[in-house]
Amino acid sequence: MTAATSTTRGTARPELPWHQGGTAGRALRSLRTPGGAVFVLVAVLLIAVIAANPSFGEPGSLIRFIGRTAPVAIAAMGQYFVIVSGEFDLSMAAVVSMQVVIAGNFIGQDEARILPGLLLMLALGALVGVVNGLATTILRVPSFIVTLGTMLALSGLVFYLTGGAATGNPVDTFRQIGRGGIEGVPVLEVIPYPAIILLVLALAALWLMRRPFGRTLVAVGDNPEAVRLSGSATWWLKTRAFILSSLAATISGIILVGYAGVHPSVGQGYEFTAITAVVVGGVVLGGGRGWVLSAAAGAFALELLFTLLNFVGVASTWRDTVQGVIIIVAVAAGARAWAAGQRQRTRPTPQTPKADNPTQGDA
């Protein structure tokens, strides 16, 4: 026993290739992955936007830009949970529209209904996620079909209730969640509440992905059969991912009410914007690869690109075309980069005959 202990303490464990070079080396190698490269892309686009419009670089303008982008970034993080598990959620936009209409018509001008209204919106958001998750995992209907059906059902319900026109007007106290902020802050002047909400949710998502739930969620997207054989309930893992996605859409809807008003088309296109942000962030469609913070960074890269196109005089009607091209290019480039990285990491070395893959999840 003593000899064995002595041998264990005296033998240095071989250092995995990914851990070689210390923290700086790992950071540099991370920037070469699709998930890390999006942060470089954000920096490059930010410089380009400031060059096109120097006033954009002022602290007050930057923090307001973060506040405006927060709903998209939150939706992208929600969509990340579903995509990294190997599924899709096309119902996000319909959930956003539903929540906006609920806020306008249930809360209205009654401040006493703000808290019950928020609880109702979160409960309905979670219910949509449960329905999407169970239909996908228990009934084994492809998530693309399930969430497409949910999107159509919710959209039809919203248009039936509103007649396709703007209805309701939530009290200003509720709208302050989306358009208000902490005022009188030195240098920044104001910190928008959406920016604070985004920061809190980003930290929560990062924490969650470091927990066993997050690591297993990534694994189920890579090899669901292996996760099932390990004893994990894959249906519950994926259902929770759908719940998180619907709750993210709900929070985006709550924020959008602040400055976009109450209209059944407020969330239109949000699901595709969120998916585009996720693939720009280097998350592999099909699951098993990607970082949650990169998905949020993808939303900022997307919004910076659209801002740059606006500053250089490109008509906003080109936005959908640009978004479609980005999806195709990002998915193709990401798949090739992940494949190349995987081959490099699994290449045998004299000390470590088999390298692991630490880029999965937010490890």
Donor-acceptor pairs are to be reported for all side-chain atoms of residues 35-42 against protein atoms at under 3.5 Å, with residues two or more places apart or in another chain.
none

**Prompt:** Got a sec, which pairs hit side chain to side chain donor-acceptor pair (under 3.5 Å) with one end in residues 295-311, sequence neighbours left out?
**Reply:** E303-R319
**Message:** Restricting to non-hydrogen atoms, name the atom on S252 and the atom on A75 that form the minimum distance, rounded to 0.1 Å.
**Reply:** OG-N, 3.6 Å
**Item:** Residue pairs fulfilling side chain to side chain donor-acceptor pair (under 3.5 Å) with at least one residue in residues 226-237, sequence neighbours excluded
**Value:** E225-R228
**Any donor-acceptor N/O pair, Y80 side chain to G290 backbone, under 3.5 Å** = yes
Would you list the atom pairs, donor with acceptor, under 3.5 Å between side chains in residues 148-158 and any protein atom, with sequence neighbours excluded?
residue : atom : partner : partner atom : Å
T150    : OG1  : N132    : OD1          : 2.7
T150    : OG1  : V146    : O            : 3.0
S155    : OG   : M151    : O            : 2.7

**Asked** Can you name the closest pair of heavy atoms from L122 and L247 and give their distance?
**Response** O-CD2, 3.4 Å
**Item:** Sequence neighbours excluded, every pair satisfying salt bridge (Lys or Arg N to Asp or Glu O under 4.0 Å) that has a member inside residues 74-85
**Value:** none
**Request:** Report yes if the side chains of I254 and M121 come closer than 4.5 Å at any heavy-atom pair, otherwise no.
**Result:** yes
**Request:** Is it possible for you to say whether L45 and L293 belong to one hydrophobic cluster, with membership spreading through side-chain heavy-atom contacts below 4.5 Å?
**Result:** yes
**Fill in**
Those residues at least two apart in sequence (or on a different chain) that pass ring pair (Phe, Tyr, Trp, His ring centres under 6.0 Å) with F306 are none
**Prompt:** Is the shortest heavy-atom distance from the side chain of L208 to the side chain of V292 under 4.5 Å?
**Reply:** no
**Item:** A93 to Y270 - nearest heavy-atom pair and separation
**Value:** CB-N, 3.9 Å
**Message:** Quick one, L309 and W318 - any side-chain contact, counting heavy atoms below 4.5 Å?
**Reply:** no
**Message:** Measuring only between side-chain heavy atoms, which start at C-beta, is V171 closer than 4.5 Å to R175?
**Reply:** no
**Prompt:** With a 4.5 Å limit on heavy-atom distance, are the side chains of I74 and I255 in contact?
**Reply:** yes
Enumerate, atom names and distances included, each donor-acceptor pair closer than 3.5 Å involving a side-chain atom of residues 182-206, sequence neighbours excluded.
none

**Asked** Would a 4.5 Å heavy-atom cut-off, applied to side chains only, mark L120 and I102 as touching?
**Response** yes
**Fill in**
In short, Q79 meets A274 closest at the heavy-atom pair CB-CB, 4.1 Å
**Request:** Hey, could you give me the CG/OG1 distance between L304 and T69, rounded to the nearest 0.5 Å?
**Result:** 7.0 Å
**Fill in**
Here the ring-ring contact (aromatic ring centres under 6.0 Å, His included) pairs for residues 110-166, sequence neighbours left out, are none
**Prompt:** With side chains defined as the heavy atoms from C-beta onward, is the minimum distance between F88 and S143 less than 4.5 Å?
**Reply:** yes
Under 3.5 Å, which donor-acceptor pairs link side chains of residues 55-67 to any protein atom two or more places apart or in another chain?
residue : atom : partner : partner atom : Å
S55     : OG   : N53     : OD1          : 2.7
S61     : OG   : S55     : O            : 3.2

**Request:** Report yes if some heavy atom in the side chain of V130 is under 4.5 Å from a heavy atom in the side chain of F242; otherwise report no.
**Result:** no
**Fill in**
Here the side chain to side chain donor-acceptor pair (under 3.5 Å) pairs for residues 100-126, sequence neighbours left out, are N105-T167, E111-T173
**Fill in**
On a heavy-atom basis, the closest approach of V266 and S97 is N-OG, 4.4 Å
**Asked** For M92, which fellow cluster members are found when Ile, Leu, Val, Met, Phe, Trp and Tyr are connected by side-chain heavy-atom distances below 4.5 angstrom, either directly or through intermediates?
**Response** none
**Message:** By the salt bridge (Lys or Arg N to Asp or Glu O under 4.0 Å) test, which pairs, at least two apart or in different chains, include something from residues 75-96?
**Reply:** E87-K238
**Asked** Are L115 and I251 grouped together when hydrophobic residues (ILVMFWY) are joined by side-chain heavy atoms under 4.5 angstrom apart?
**Response** no
**Message:** If you compare all heavy atoms of L217 against all heavy atoms of A241, which two are closest, and at what distance to 0.1 Å?
**Reply:** CD1-CB, 4.0 Å
